[in-house]
Amino acid sequence: MFEGETPSGISDLDDDENVAERTIADKLFFTYVPVDVDGSTVAVFEMYQRYAVIQGDVSALLRTIAVAFGIGLVVLYVLLLPIASRASSALRRQNARLNELLAREQETVAELRDLDQKKSDFVAAASHELRTPLTAVLGYLQTMRLPEVSNDTRARDEFIKASEDQTRRLFRLITNLLSASHLEAGSRPTVLERIDLVQLFESVTPALPNGRERVRVDVPAGTAVVADRWRLEQVLTNVLDNALKYSPAGSPVEVDATIGADAASIHVRDLGIGVHPDQHEAIFERFHQVDQSSTRRHGGLGLGLHLARELSREAGGDISIESTPGAGSVFTITFPIAAPALDPAGVGPSNAGATS
Ligand code: ADP
């Protein structure tokens with residue numbers, strides 16, 4: 001019946017068989033010890049002990065266990081706390097870094113979208129700018145085939161001049177596009193040489209629409225500088241082209257120069273539409289045009305002044321503007337004329353800055 005076991009436990013003496021024991025105590029610790037003979041239980045000893053007597057020991061043991069458990073928890077907490085706090089601050093840092101990376105990623109995506117849009121706008125504007133002079137030249141050539149025009153020398157000359165202007169416009173546009181791509185590919189080597197300023201203006205202005213008639217050069221004959229001719233020509237062409245383009249037909253564009261000991265300045269003054277002061281820096285940015293409407297009067301890609309500034313700076317100089325909206329602008333191009341490191345093919349420093 002007991003299967004070799006000795007059951008024990010605490011009894012609150014509710015069972016009917018415990019009526020006699022209830023007089024001993026409220027609770028008893030019982031132990032049943034079976035007596036086996038030849039493998040079968042022949043008798044059972046029942047032992048009862050007042051539970052109150054061992055309860056003190058049990059409670060003390062439970063307290064000890066509870067205190068040990070509590071101390072264990074505290075030790076565990078103290079040991080784990082720095083590890084947990086380190087892990088949580090590392091997680092916080094990683095989270096902040098991830099947020100930062102995400103924000104940067106979103107910025108890059110927005111920039112790429114913006115660039116893509118600018119590229120599409122640029123391709124559209126460049127195609128339009130390239131097609132306009134070509135369409136005009138084609139129109140002039142077709143008109144000149146008409147007998148009434150081909151027989152009229154004056155009309156023919158006018159058409160030829162207009163065709164030349166449009167072809168030069170195309171040429172300047174392509175030169176600017178090539179210069180812009182050179183800027184991106186890396187700097188063109190600087191070649192310093194003696195430049196007679198009056199001769200320089202004479203070579204640049206006739207290539208511009210009405211340049212010969214409108215540009216007035218106020219520079220003493222023989223004024224010369226040692227500088228990078230190619231860069232100076234590109235800068236001047238763009239600034240003079242703008243001065244002619246953004247001022248009334250027939251109004252003069254004045255050019256003069258100041259030669260210092262180690263730098264020279266060229267001033268290009270027009271009586272045109274002028275530029276508002278809050279645009280004075282922006283006009284030198286790539287593709288920036290003050291009038292960005294589709295109905296703008298003047299052609300262009302917004303590259304001229306950007307190139308002028310980049311090329312001036314490459315040569316160690318700069319370009320700036322002073323302007324009164326509605327009254328005109330003065331662009332000042334400064335450039336060094338005694339470069340410290342001269343190209344071997346260039347002219348020696350003793351000639352730099354010469355004014356005659
Ligand atoms: P664009 O091809 O449009 O002429 P630029 O880079 O040469 O490009 O010039 C940038 C902008 O600066 C022009 O679109 C124009 O709004 C303004 N600008 C340049 N030169 C002048 C000027 N002389 N007078 C008035 N506005 C000018």
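Whatever order the structure lists them in is the order used to number ligands and atoms, beginning at 1.
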**Request:** Could you check Glu314 against Arg188 for salt bridge (charged side-chain N to carboxylate O under 4.0 Å, His left out), going step by step and ending with a plain yes or no?
**Result:** CA-CA 9 Å; Glu314 271 186 5; Arg188 183 188 165 112; over 6 Å; no

**Prompt:** Do His306 and ligand 1 have an N or O pair less than 3.5 Å apart?
**Reply:** no

**Fill in**
Near Val290 (heavy-atom distance under 4.0 Å), the atoms of ligand 1 are 14 (O), 16 (O)

**Residue and atom name of the nearest protein heavy atom (relative to atom 7 (O) of ligand 1), distance in Å to one decimal** = Asn242 ND2, 2.8 Å

**Fill in**
On a heavy-atom basis, the closest approach of Asn238 and Asn176 is OD1-ND2, 2.9 Å

**Message:** When you compare ligand 1 with Asp291, is there at least one nitrogen or oxygen pair between them that comes in under 3.5 angstrom?
**Reply:** no

**Prompt:** Is the His182 ring parallel, tilted or perpendicular to the Trp230 ring (thresholds 30°, 60°)?
**Reply:** perpendicular

**Message:** Please list the nearest protein heavy atom to atom 26 (N) of ligand 1 with its residue and the distance rounded to 0.1 Å.
**Reply:** Val275 CG2, 3.3 Å

**Request:** Please determine if Arg309 and Glu281 form a salt bridge, counting it only when a charged side-chain N lies under 4.0 Å from a carboxylate O.
**Result:** yes

**Request:** Using non-hydrogen atoms of the residue, decide whether Lys245 is closer than 4.0 angstrom to ligand 1.
**Result:** yes

**Message:** Within the 4.0 Å heavy-atom shell around Leu303, which atoms of ligand 1 are there?
**Reply:** 6 (O), 8 (O)

**Fill in**
So salt bridge (charged side-chain N to carboxylate O under 4.0 Å, His left out) across residues 87-107, not counting sequence neighbours, yields Arg97-Glu100, Glu100-Arg104

**Asked** Is there a heavy atom in Phe284 that sits closer than 4.0 Å to ligand 1?
**Response** no

**Asked** Distance only, no hydrogens: is a donor on one side chain within 3.5 Å (strictly under) of an acceptor on the other, for Asp121 and Gln117?
**Response** yes

**Request:** For Ser120 and Asp116, indicate whether the former's side chain and the latter's backbone hold a donor-acceptor pair under 3.5 Å.
**Result:** yes

**Asked** Which protein heavy atom lies closest to atom 8 (O) of ligand 1, and at what distance to 0.1 Å?
**Response** Gly302 CA, 3.1 Å

**Request:** Have a look at ligand 1 and work out which part of Leu305, if any, has a heavy atom under 4.0 Å from it: side chain, backbone, both or neither.
**Result:** both

**Item:** Element-labelled atoms of ligand 1 that are located less than 4.0 Å from some non-hydrogen atom of Gly300
**Value:** 2 (O)

**Transitive ILVMFWY side-chain link Ile319 to Val330, under 4.5 Å** = no

**Prompt:** Taking both backbone and side-chain atoms of Gly304, is any N or O found less than 3.5 Å from an N or O belonging to ligand 1?
**Reply:** yes

**Message:** Polar contacts were defined as any N/O atom of the residue lying under 3.5 Å from an N/O atom of the ligand; does this apply to His288 and ligand 1?
**Reply:** no

**Request:** Around atom 3 (O) of ligand 1, find the nearest protein heavy atom and jot down its residue, atom name and distance.
**Result:** Gln289 NE2, 2.8 Å

**Region of Asp270 that comes within reach of ligand 1 [heavy atoms, distance under 4.0 Å]** = side chain

**Prompt:** If you measure only the distance, is there a donor-acceptor pair under 3.5 Å linking the side chains of Thr31 and Ser8?
**Reply:** no

**Message:** Show, in sequence, the C-alpha distance, side-chain angles and deciding distance for Ile195 and Val226, and conclude whether the side chain to side chain contact (heavy atoms under 4.5 Å, CB included) test is met.
**Reply:** CA-CA 6 Å; Ile195 305 167; Val226 172; over 6 Å; no

**Prompt:** Hey, is ligand 1 close enough to Ile273 that some N/O pair sits below 3.5 Å?
**Reply:** no

**Asked** Does Asn238 have a non-hydrogen atom less than 4.0 Å from ligand 1?
**Response** no

**Request:** Specify the protein heavy atom at minimum distance from atom 12 (O) of ligand 1: its residue, its atom name, and the distance to 0.1 Å.
**Result:** Ile283 CG2, 3.3 Å

**Request:** State if Gly272 counts as touching ligand 1 under the rule of any non-hydrogen atom under 4.0 Å.
**Result:** no

**Item:** Ligand-residue contact atoms, ligand 1 with Ser329, heavy atoms, under 4.0 Å
**Value:** 24 (N)

**Request:** Using the side chain to side chain donor-acceptor pair (under 3.5 Å) rule, take Gln279 and His288 through it: C-alpha gap first, then chi angles, then the decisive distance, then the call.
**Result:** CA-CA 10 Å; Gln279 293 282 319; His288 186 89; 2.7 Å; yes

For a quick test of your reading: what N or O donor-acceptor pairs under 3.5 Å do the side chains of residues 50-58 make, sequence neighbours left out?
from	atom 1	to	atom 2	distance (Å)
Arg50	NE	Ile24	O	3.3

**Request:** Out of Tyr246, Phe331, Phe287, indicate the one that has the non-hydrogen atom closest to atom 13 (C) of ligand 1.
**Result:** Tyr246

**Message:** Under a 4.0 Å threshold between the charged nitrogen and the carboxylate oxygen, would Lys161 count as salt-bridged to Asp165?
**Reply:** yes

